[in-house]
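For reference, the structure is listed below as structure tokens.
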Amino acid sequence: MKKHNFNAGPCVLPKVAIDAAIEAIRDFDNTGIGILEISHRTPGWERIMKETADLWRELLNIPDNYEVMFLGGGASTQFFTVPANLMGKKAAFLQTGVWAKKAAKEAKLYGEVEIVASSEDKNYSYVPKGYTIPKDADYFHITTNNTIYGTEIHEDIDSPVTLVADMSSDIMSRPVDVKKYGLIYGGAQKNVGPAGVTFVIVRKDLIGTSGREIPTMVNYNTHCGGEERDKSMFNTPPVFSIFVMHETLKWVKSIGGLEAMYKLNKEKAELLYNEIDRNKMFKGTAAKEDRSLMNVCFVMNEEYKDKEAEFFKFASERGMVGIKGHRSVGGFRASIYNACPLESVKALVETMKEFESMHA
Ligand SMILES: *Cc1c(COP(=O)(O)O)cnc(C)c1O
């Protein structure tokens, strides 16, 4: 049976990227050696590194005064790497979920942290608005998409201080006005590749501004300060993960780039949210205006609460994978990232309709 993958991360990847990865494991770039066995100093690999950075620049329209890095450690490592590099005395945070909270916790190791607003009072089911960003902060940190709760900041906000964004789960889902941000980071495994590679986009003048002595690997200058061919190559980069990311981004480009991706993502999300709102048995958990295009969270309506396990089983039997909600929200979560086909969303909607006709 065809499986429909709604996993929150690692997540579904484009089939063409998987096929290219399989081939590259056997033989990379006609070298007769597989990608898992090559040296990262092979010319063919240096070309992939350069092309991957170029794809990032092209798709996101990243200005020349920004560096693009591919590192290890996941977004969680950036929770302390960002303040180590950018924080003088104080950083401000918008607390829209546990990822934001974790990022703030790490920043506290380096100085003062101000939480300008939090939606913890309602289990992070909305994005706070009408807050004031302190002008004495070195930067203001936001999480653009809250993977667990299904909320998203839909526009590139204006900030009087440097804007830093964790875009782990909505990067490349829509065009972004990069110049409004000082730094953008995230783990690749939600929307641009497999686990193992972390992306960091940073405005060059911000590097080294904390004035603090930090370990070599934590210092952004180590990874982007040198010659072009050494970028993200201070130590062995996650070669295979970067390769799959390269193929994934080629796919994004082939379907028409981020405008086309955004259009498709809106279409998929609308289809699913419309069904959640129409269907008597379900309701969404996130505030409507803040609904994420990437992670769609929903629960059974009060009178059908006892049917939750049954729907889960019913959907599983129809090939739906990974729709169990995060334990802190409950119910269901369908992650419909870039590579999740419209066809899978339609299959889920049909499943919900069928279930309703049986029970309501
Ligand atoms: C998954 C996720 C993280 C953690 O990413 P790792 O790469 O596993 O460290 C951080 N922030 C957000 C928004 C996420 O969705």
Side-chain angles (χ1 to χ4, degrees), residues 5-13 69-84 91 93-107 115 118-120 123-128 139-154 156-157 163-174 176 181 183-201 217-218 223 232 237-238 240-242 244-245 248 265 285-286 290-297 322 324-329 333-340:
N5 184 353
F6 296 102
N7 274 320
C11 67
V12 60
L13 288 169
M69 290 173 262
F70 309 123
L71 310 172
S76 302
T77 294
Q78 293 305 312
F79 292 169
F80 62 82
T81 306
V82 171
F93 283 75
L94 187 63
Q95 193 176 303
T96 50
V98 297
W99 294 121
K101 201 173 179 173
K102 285 179 181 171
K105 176 172 176 267
E106 299 302 305
I115 307 293
S118 167
S119 47
E120 193 170 11
N123 197 28
Y124 301 116
S125 58
Y126 67 102
V127 176
Y139 63 84
F140 177 49
H141 180 286
I142 58 173
T143 311
T144 49
N145 185 66
N146 299 284
T147 324
I148 295 173
Y149 317 91
T151 66
E152 189 172 11
I153 299 172
H154 294 288
D156 303 305
I157 64 169
L163 186 60
V164 171
D166 173 356
M167 290 198 189
S168 291
S169 53
D170 64 349
I171 190 75
M172 299 279 181
S173 67
R174 65 169 176 94
V176 168
Y181 299 83
L183 190 149
I184 296 170
Y185 71 90
Q189 70 275 18
K190 308 274 167 59
N191 216 16
V192 286
V197 55
T198 311
F199 56 88
V200 178
I201 303 164
M217 278 297 285
V218 176
H223 306 286
S232 303
F240 187 62
S241 300
I242 292 172
V244 182
M245 181 165 79
T248 303
N265 285 331
T285 55
D290 300 323
R291 282 175 163 178
S292 166
L293 296 187
M294 300 279 96
N295 312 96
V296 178
C297 296
K324 205 168 182 53
H326 190 274
R327 63 187 180 282
S328 62
V329 180
R333 169 175 56 174
S335 297
I336 52 174
Y337 297 117
N338 283 356
C340 172

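Note: hydrogens, waters and symmetry copies are ignored here, and every other heavy atom, side chains too, is used. Indexing begins at 1, ligand by ligand and atom by atom, following the structure's order. Please read all numbers here as calculations on a predicted model, not as lab measurements.
Not counting sequence neighbours, the partners of F140 by the ring-ring contact (aromatic ring centres under 6.0 Å, His included) test are Y131. Residues passing the salt bridge (charged side-chain N to carboxylate O under 4.0 Å, His left out) test with K101, sequence neighbours excluded: E120. In this view, P238 and V197, S241, I242 satisfy the side chain to side chain contact (heavy atoms under 4.5 Å, CB included) rule, not counting sequence neighbours.
Ring geometry, W99 versus F79: the interplanar angle falls from 30° to 60°, so the pair is classed tilted.
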Kindly print each ligand 1 N/O atom paired with any protein N/O atom under 3.5 angstrom away, one pair per line, or none if nothing qualifies.
{"from": "ligand 1", "atom 1": "7 (O)", "to": "A75", "atom 2": "N", "distance (Å)": "2.9"}
{"from": "ligand 1", "atom 1": "7 (O)", "to": "Q189", "atom 2": "NE2", "distance (Å)": "2.9"}
{"from": "ligand 1", "atom 1": "8 (O)", "to": "Q189", "atom 2": "NE2", "distance (Å)": "3.3"}
{"from": "ligand 1", "atom 1": "9 (O)", "to": "A75", "atom 2": "N", "distance (Å)": "3.2"}
{"from": "ligand 1", "atom 1": "9 (O)", "to": "S76", "atom 2": "N", "distance (Å)": "2.8"}
{"from": "ligand 1", "atom 1": "9 (O)", "to": "S76", "atom 2": "OG", "distance (Å)": "2.6"}
{"from": "ligand 1", "atom 1": "11 (N)", "to": "D166", "atom 2": "OD2", "distance (Å)": "2.6"}
{"from": "ligand 1", "atom 1": "15 (O)", "to": "T147", "atom 2": "OG1", "distance (Å)": "2.4"}
{"from": "ligand 1", "atom 1": "15 (O)", "to": "K190", "atom 2": "NZ", "distance (Å)": "2.6"}

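The residues D166 and K102 are annotated as not salt-bridged, no charged nitrogen and carboxylate oxygen being separated by less than 4.0 angstrom.
Side-chain atoms of D290 come within 3.5 Å of backbone N or O of V127 as a donor-acceptor pair.
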